[in-house]
Q: 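Would you mind keeping the following structure in view while I ask a few things?
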Amino acid sequence: ESLGPTVTVGEILVEVMASEPGDGFLEPITLVGPYPSGAPAIFIDQVAKAGASAGIVAAVGDDDFGRLNVRRLAADGVDVSAIAVSPDRPTGSAFVRYRPDGGRDFVFNIAHSAAGEIARTAAVDALIARAGHVHVMGSALSMATAWPVLEAALDTVRRRGGTVSFDPNLRKELLRGGEILERFRKVLAVTDLFLPSAEEIFLAAPGAATEADAVAELLGRGIREVVVKHGAAGASRHGADGGVHRQAAFPVVEVDPTGAGDCFAGAYVAALRLGRAPAEALRLAAAAGARNVTRRGPMEGTSTMAELEAFAAASGA
Ligand code: ATP
Ligand code: MG
């Protein structure tokens, strides 16, 4: 952590959700929100709340949806100096409704919102110049404006002796070739810590037959640590030294699964950067994921380090 803050780049959004499950938005329904959201924003909020230094490069509109997000991030300790305010585009938004089968319907306003107005300003370069760790959110790889900033951040931070983590968090349809796949490979080639979900690991190791094969292949390519997330079935951490740690999920009642992976990664990166051992970081990360799913709203369940420790201790795992 002494090298400088953990920095991420990507979308800030508000989320508005249907109160009741059902199909889509084709009739008036009761909605609740706006909630602060965006995978990179949830991640960085959790890093800061856990007590590690953190900053985000992003853009919002000059509207209450933007102010809601910036205020929340700042209140939780995130450096918001590199969040640009677009003069003419609204803050990005996502309307979501859960279907009875657990699937989700969305209406997005992201591509043509302020979220895509990321640029290399003096404030962005200043944050990158101080950074000690870059976390790449796969969702940002599909943003044309985020990529040059990410490339600069990866380059600068690695030159300074800093480290890189990568949560692929990307729909596989986006990786069928072209420049997003190229960006994905470039990030993977400089990743120290890879945090895929069970399905996503095969995006990085498409030839592998099993998860164990995929992990071995990625460690063989020089990634130092692979942490695989399995939702309510827990997570496992594999080190380049051959060490394996498994962590069961803490039993909770799931209210809203959105954001669990982002909180998990945020707590894991924060704990490692604060000097915790990998097994301890994994336990705190599982606590962060579990706590987040108990709250409605993707960023409402981020936790302080004290909350994570108390939760893990009380759950006895
Ligand atoms: P996201 O939908 O946010 O992208 P993800 O697929 O990246 O999620 P998950 O595996 O869903 O990540 O969740 C990350 C971690 O959070 C899990 O490994 C687990 O420790 C914890 N977690 C997630 N869901 C639950 C749950 N229902 N109960 C307890 N813990 C959970
Ligand atoms: Mg994820």
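One-based numbering, in listed order, for ligands and for the atoms of each. Both backbone and side-chain heavy atoms feed into the values below; hydrogens, waters and symmetry mates do not. Quick note: residue numbers are just sequence positions, from 1.
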Q: If you measure from atom 7 (O) of ligand 1 to every heavy atom of Glu199, Lys229, Met137, which option wins on shortest distance?
A: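 It is Lys229 that holds the nearest heavy atom.
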Q: List ligand 1 atoms under 4.0 Å from Gly259, heavy atoms only on the residue side.
A: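 Within the 4.0 Å cut-off of Gly259, ligand 1 contributes 3 (O).
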Q: Cut-off 3.5 Å, side chains only: do Thr6 and His135 have a donor facing an acceptor?
A: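 No, no side-chain donor-acceptor contact under 3.5 Å.
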Q: Under 4.0 Å from a heavy atom of Glu254: give me the atoms of ligand 1 that qualify, with their elements.
A: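 Here the atoms of ligand 1 in question are 26 (C), 27 (N).
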Q: Give the C-alpha distance, both sets of side-chain angles, the deciding distance and a yes or no for salt bridge (charged side-chain N to carboxylate O under 4.0 Å, His left out) between Glu280 and Arg283.
A: CA-CA 5 Å; Glu280 175 67 4; Arg283 196 162 149 274; 3.4 Å; yes
Q: Please answer whether the main-chain N or O of Ala114 pairs with a side-chain N or O of Glu117 as donor and acceptor at a distance below 3.5 Å.
A: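 Not confirmed, Glu117 side chain does not pair with Ala114 backbone.
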Q: Would Thr258 and Glu15 count as having a side-chain donor-acceptor pair, cut-off 3.5 Å?
A: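 Side chains of Thr258 and Glu15: no pair found under 3.5 Å.
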Q: Identify, by atom number and element, the atoms of ligand 1 in contact range of Gly289, meaning under 4.0 Å from any of its heavy atoms.
A: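 Counting atoms of ligand 1 from 1, those under 4.0 Å from Gly289 are 16 (O), 21 (C).
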Q: Any atoms of ligand 1 less than 4.0 Å from a non-hydrogen atom of His230? List them with their elements.
A: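 Matching atoms, with element in brackets: 10 (O), 18 (O).
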Q: If the cut-off is 4.0 Å to any non-hydrogen atom of Ser197, which atoms of ligand 1 fall inside it?
A: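 What qualifies from ligand 1 is 6 (O).
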Q: Taking only heavy atoms of Gly261 into account, list the atoms of ligand 1 that are under 4.0 Å away from them.
A: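 Reading through ligand 1 atom by atom, the close ones are 1 (P), 3 (O), 5 (P), 7 (O), 8 (O), 12 (O), 13 (O), 14 (C).
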Q: By number and element, which atoms of ligand 1 are closer than 4.0 Å to a non-hydrogen atom of Asn169?
A: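 Heavy-atom distances to Asn169 below 4.0 Å select 4 (O).
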Q: Classify the angle between the aromatic ring planes of Phe166 and Phe194 as parallel (below 30°), tilted (30 to 60°) or perpendicular (above 60°).
A: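 The arrangement is tilted - the two ring planes meet at 30° to 60°.
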Q: Closest by any non-hydrogen atom to atom 17 (C) of ligand 1: pick that one out of Ala286, Gly231, Ala235.
A: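 Comparing heavy atoms across Ala286, Gly231, Ala235, the nearest one to atom 17 (C) of ligand 1 lies in Gly231.
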Q: Considering only heavy atoms, does Ala260 approach ligand 1 within less than 4.0 Å through its side chain, its backbone, both, or neither?
A: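 Ala260 to ligand 1: contacts from backbone and side chain alike.
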Q: Is it the side chain (CB and beyond), the backbone, both or neither of Asp167 that lies under 4.0 Å from ligand 1, heavy atoms counted?
A: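 For Asp167, no heavy atom sits under 4.0 Å from ligand 1.
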Q: Ion pair present between Arg89 and Asp62, side-chain N to carboxylate O less than 4.0 angstrom?
A: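 The answer is no: the pair does not qualify as a salt bridge.
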Q: Near Gly234, which atoms of ligand 1 are under 4.0 Å from a heavy atom of that residue?
A: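 Numbered from 1, ligand 1 contributes 18 (O).
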Q: Which atoms form the tightest heavy-atom contact between Ser113 and Gly92, and what is the distance?
A: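 Answer, listing the atom of Ser113 first, then Gly92: OG-CA, 3.3 Å.
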Q: What part of Gln247, side chain, backbone, both or neither, has a heavy atom within less than 4.0 angstrom of ligand 1?
A: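 The answer is neither; Gln247 stays 4.0 Å or more away.
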Q: Do NZ/NE/NH1/NH2 and the carboxylate oxygens of Arg276 and Glu309 come within less than 4.0 Å?
A: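 Answer for the salt bridge query: yes.
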Q: So, Thr163 versus Arg224: side-chain donor-acceptor pair below 3.5 Å or not?
A: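 Side-chain D/A pair, Thr163 to Arg224: absent.
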